[in-house]
Structure formats: C-alpha cells, structure tokens
Number of protein chains: 2
Amino acid sequence: MPEASTAKGRATQARIVEGAAEVLREQGVAFTTLDDIRDRTRTSKSQLFHYFPGGKDELLLAVARFEAERVLEDQQPHLDCLDSWESWYRWRDAVVERYELQNDQCPLGSLFLQVGRSEPGARAIAAELMRQWQERIAEGIRTLRARELIPASVDADRNAAALLAGIQGGVSIMMSTGSSAHLKAALDTGIDQLRHAAAGAGQAEVK
Amino acid sequence: MPEASTAKGRATQARIVEGAAEVLREQGVAFTTLDDIRDRTRTSKSQLFHYFPGGKDELLLAVARFEAERVLEDQQPHLDCLDSWESWYRWRDAVVERYELQNDQCPLGSLFLQVGRSEPGARAIAAELMRQWQERIAEGIRTLRARELIPASVDADRNAAALLAGIQGGVSIMMSTGSSAHLKAALDTGIDQLRHAAAGAGQAEVK
DNA sequence: TTTAGACTGGACTCCCCAGTCCATTCTTCT
DNA sequence: AGAAGAATGGACTGGGGAGTCCAGTCTAAA
C-alpha cells in the first residue's frame with residue numbers, strides 16, 4: 001500500500017479503507033465486490049487500483065489492519081488498567097458491549113478466511129493482534145499479583161491465553177447463535193478463576 | 001437434499017459429500033469451485049445438480065452437516081464418559097490431537113461464513129452442534145458432582161459454556177497462529193478450575 | 001504560468017464459474 | 001424382454017466481477 005503523496009490523496013485512501021470496512025462488516029467478505037466499495041466510498045475503479053495496486057487482496061489486507069487496530073482501542077481505557085477487581089469487571093462489560101453491538105459481524109474472522117491462505121500477511125496481522133491482546137491481559141494479572149490480590153503462583157501467561165481463547169470462542173459462538181451467553185460465561189469464569197485463586201491455594205498443578 | 005433412490009445413486013451422493021468435504025478442508029470455501037469437487041469426486045455437473053438441485057449452497061450445507069457430525073464422533077468415546085479426572089484428561093488429549101492433526105483447516109468455521117448469512121440452515125446446524133457439545137460437557141460435570149468429586153455448588157452449564165468457548169477460541173487462534181498453545185491453555189485451566197473447586201469453596205459468587 | 005505528476009472517471013475486456021440442457025447409458029421391476 | 005425412470009457425460013450459456021486503459025482534471029512547486 002504505497003502512501004499517497006498529497007493531502008487529497010491520503011484523504012481518499014483513508015475514505016476507501018474506512019468505507020470498505022463498513023461494507024465488509026455489513027455484507028461479509030464473501031458477498032462484497034469492488035463495485036460495492038466503489039459506491040460506498042464515492043470513488044472509481046481507477047482510484048481503488050491507484051491506491052491499492054495489488055487489487056482486492058491488498059485492499060482487504062489494509063482493512064484487516066484497520067480493523068485489528070480498532071479491536072484493542074475499543075477496549076480502552078479498561079484494558080490498560082486492569083489493577084483492581086472493579087476494573088476487571090469494567091473491562092468485561094466493555095468487551096461484551098462491543099461485541100453485542102457488533103452482533104454477528106466479525107470482520108476480522110471472515111477477512112482472514114478469505115485472504116488467509118493466500119496471503120501470509122493476514123496471518124501475521126492476526127497473530128500480532130492476539131499477541132498484544134494476550135500481553136495486556138497478562139500484564140493485568142501481573143498487576144494483581146504485585147498488589148497481592150492473587151498469589152504469586154498464578155501463571156499469568158497461561159491464564160491470559162485461556163481468557164483470550166474464551167473471548168474468541170465466545171464471539172464466534174455468538175456469531176452462529178446470536179447469543180452472548182458463552183462470551184459472558186467465558187469472561188466470568190475466567191475472572192472468577194483468578195478471584196478464586198486469591199481465596200484458596202495456588203493454581204492447580206495437575207498434569 | 002432428496003435421497004437417491006438406488007444403491008448406486010446413494011453411493012454417488014455420499015462420494016460427493018465426502019469428496020467435497022476433503023476439497024473444502026484443503027482449499028477453503030472461498031477458493032473451491034464446483035469443478036474442483038467434480039474432479040475430486042469423479043462426477044459430472046449434471047450429477048452434482050441431480051443430487052443437490054439447490055446448487056452449490058445446498059451442497060455446502062450437506063457438507064456442513066457431514067462435518068458437524070464428525071466433530072462429536074471424533075471425541076468419542078471420551079466425551080461420553082467424563083466420569084473421573086483421568087477421563088477428562090483423556091478427552092482433553094483427544095480434542096487437542098484432533099485439531100492439531102487438522103491443523104489450520106477448520107471446515108465448519110469457514111463454511112458458515114460462506115453460507116451463513118444467506119442460509120438460515122447453516123446457523124441452525126452450528127447452533128445445534130454447539131448445544132449438543134455443551135450438553136455433553138455439562139453432563140460430565142454433573143457426573144463429577146454426583147460422584148462428589150466436586151461440590152454441588154458448581155454451575156455445570158456455565159462451566160460447560162466457558163469450556164466450549166475456550167475450545168472454539170483455541171481452535172480459531174490455532175488457525176491464525178499455527179500453535180495449539182491457546183487450545184491447551186483453555187482446556188487445562190478449564191479443567192483445573194473444576195478440580196480447584198473440589199479443593200476450595202464453591203464457585204465464586206461475585207457480581 | 002507552466003509543467004510534471006498526482007488524481008479521477010468510467011467504459012471496456014476477459015475470464016471464471018454456477019447453472020442448464022439434452023443425449024446416452026444403466027437399473028430395476030414386471 | 002422391455003419399458004420407465006434413475007443416473008451420467010459433457011458441451012454450452014449467461015452473468016458477474018476483477019482488473020485495464022486512457023483521456024481528462026486537479027495540485028503543487030518553480
């Protein structure tokens with residue numbers, strides 16, 4: 001994605017990415033054509049290919065990057081200050097609300113399935129997003145540990161990984177069933193597990 | 001999907017579904033054409049439309065049903081006898097192994113994204129699969145409760161929902177990163193949480 | 001003001017692929 | 001055997017959509 005060299009050009013390029021993201025959220029990747037994007041963004045074919053010489057794939061990748069950024073932003077400021085039990089619950093509510101609003105539209109998941117196999121770039125975006133997301137959660141757990149709200153024996157990375165998996169799964173189940181029950185269950189039991197560790201012994205050591 | 005009326009016909013129909021499932025696992029829905037399926041299954045266009053008059057959508061739906069059945073079968077016999085801690089770990093191993101073998105091929109996830117929005121039937125298949133899967137897990141938790149391996153206060157449905165979400169998320173993260181770490185973390189912490197409940201107090205009641 | 005190059009419009013091409021159609025062969029039943 | 005219907009082969013069509021091209025306009029710098 002070569003940078004546009006004038007202000008007008010940059011504005012157009014941004015309009016394309018944002019508009020494309022909208023259309024993709026509404027219709028899904030499989031059913032979205034360049035003409036749909038062209039209509040929505042009030043551009044022409046030549047503009048699309050001018051700013052994304054690689055064609056549709058390159059544009060989809062740009063949208064994926066755009067959406068990936070939003071994912072963590074939408075969880076702020078909660079995600080970056082997981083320092084008390086109240087803050088964890090505020091974060092939980094923010095996550096649930098974000099995905100309930102978005103309902104059955106999971107731009108990233110479907111984008112990756114479309115571009116995924118062909119473009120190694122898409123995998124990298126997804127992997128990096130997961131890495132960062134998990135790291136913030138783990139940091140929150142370490143903060144709890146530092147404040148002695150939970151014992152030092154709690155494995156921050158493993159718990160963060162499990163929590164992240166629960167969120168992902170919760171969201172994808174919501175996409176097929178329309179219910180956020182699983183997402184809530186995953187978040188609640190995940191946080192409960194941390195609180196529970198505070199009361200009882202350390203993490204289980206089995207296996 | 002009208003049933004074929006001769007043995008030969010039924011064999012062909014089955015060959016189509018199984019072959020299509022293979023191709024779809026290998027190439028992904030977005031990149032699979034009817035001609036790919038025709039080649040693999042040694043059939044002709046007219047056969048595809050003879051057995052699936054609704055065309056590609058109907059065939060994809062049939063494949064989704066086929067794959068959904070396999071999901072639970074592949075976890076047997078473990079999923080149906082979650083009656084001791086050892087059996088839970090055997091089940092865990094079976095799930096991990098199954099998805100590691102399948103690696104980055106998640107037929108169902110992508111099938112639903114393709115057919116999903118247009119066909120209400122796809123959602124129904126996914127929802128039903130999730131319901132059954134969760135129910136088996138919940139049944140396992142109730143068995144543990146009945147054997148007094150965990151306290152009666154444990155909420156079987158909520159824990160089963162969370163565990164299922166963790167599995168789904170673990171699998172989808174594996175699809176983007178290639179690593180089963182999250183799947184394992186989700187299963188392990190989920191089971192640990194049950195074991196932990198056995199030692200300490202009842203489930204957390206917070207919030 | 002001129003000019004190079006960025007930006008834009010939109011018609012056009014070309015290919016791919018779902019779906020159609022009909023002629024032919026095989027099954028099954030009486 | 002022979003008829004009715006199931007099963008099969010494969011050529012053909014039609015439309016949609018990605019990507020191309022070129023002519024025309026705007027921007028910015030000298």
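Order of the sequence lines fixes the chain letters, A, B, ..., with proteins taken first and strands second; residue numbering starts at 1 for each chain. This is a predicted model, so every value here is computed, not measured.
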Query raised in the report: Salt-bridged, A:R40 to A:E26, with N to O below 4.0 Å?
Result: yes
Query raised in the report: How many Å lie between CG on B:L59 and P on C:dG19, as a whole number?
Result: 10 Å
Report task. For B:D80, enumerate each residue passing the salt bridge (Lys or Arg N to Asp or Glu O under 4.0 Å) test, keeping only those at least two apart in sequence or located in another chain. Result -> B:R136
Query raised in the report: Can you check the A:D35 CG to C:dG9 C1' distance for me, whole Å?
Result: 13 Å
Requested in this report: Grab the CD-P distance between B:E58 and C:dA18 for me, whole Å please.
Outcome: 15 Å
Requested in this report: Between protein and nucleotides 22-30 of chain C, map the contacts as a letter string: B base, S sugar-phosphate only, - none, heavy atoms under 4.0 Å, written 5' to 3'.
Outcome: ----S----
Report task. Give a yes/no answer on whether the side chain of B:Q47 brings an N or O atom under 4.0 Å of OP1 or OP2 in D:dA7. Result -> no
Report task. Figure out the CZ/C1' separation between B:F49 and D:dG10, and round it to whole Å. Result -> 14 Å
Query raised in the report: Rounded to the nearest Å, what distance is computed from the CD1 atom of residue B:I16 to the P atom of nucleotide D:dA7?
Result: 11 Å
Query raised in the report: Taking CD from A:Q13 and C1' from C:dT8, how many angstroms apart are they, rounded to a whole number?
Result: 15 Å
Report task. Taking side chain to side chain contact (heavy atoms under 4.5 Å, CB included) as the test, write out the residues that go with B:L82, two or more places apart. Result -> B:L79, B:W88, B:W91
Requested in this report: Report the residues that fulfil side chain to side chain contact (heavy atoms under 4.5 Å, CB included) with B:T32, sequence neighbours left out, ordered by chain and then residue number.
Outcome: B:V23, B:L24, B:Q27, B:D36, B:I37
Report summary line: Sorted by chain and number, sequence neighbours left out, side chain to side chain contact (heavy atoms under 4.5 Å, CB included) with B:R42 holds for B:R15
Requested in this report: Give a yes/no answer on whether the side chain of B:Y51 brings an N or O atom under 4.0 Å of OP1 or OP2 in D:dA6.
Outcome: no
Query raised in the report: Rounded to the Å, how far apart are B:R10 CZ and D:dA7 C1'?
Result: 13 Å
**Report entry** B:T41: partners by side-chain hydrogen bond (donor to acceptor under 3.5 Å, both in side chains), with sequence neighbours left out
**Finding:** B:T43
**Report entry** Partner residues of A:E97 under the salt bridge (Lys or Arg N to Asp or Glu O under 4.0 Å) criterion, sequence neighbours left out
**Finding:** none
**Report entry** salt bridge (Lys or Arg N to Asp or Glu O under 4.0 Å) partners for B:R70, two or more places apart
**Finding:** B:E67
Query raised in the report: Should the pair A:D192-A:R195 be classified as a salt bridge under the 4.0 Å nitrogen-to-oxygen rule?
Result: no
Report task. Kindly point out which of D:dA18, C:dT8, D:dT8 is positioned nearest to the side chain of A:H50? Result -> C:dT8
Requested in this report: Grab the CG-P distance between A:L48 and D:dG17 for me, whole Å please.
Outcome: 15 Å
**Report entry** Residues touching DNA chain D, which here means a heavy atom under 4.0 Å, drawn from residues 37-45 of chain A
**Finding:** A:K45
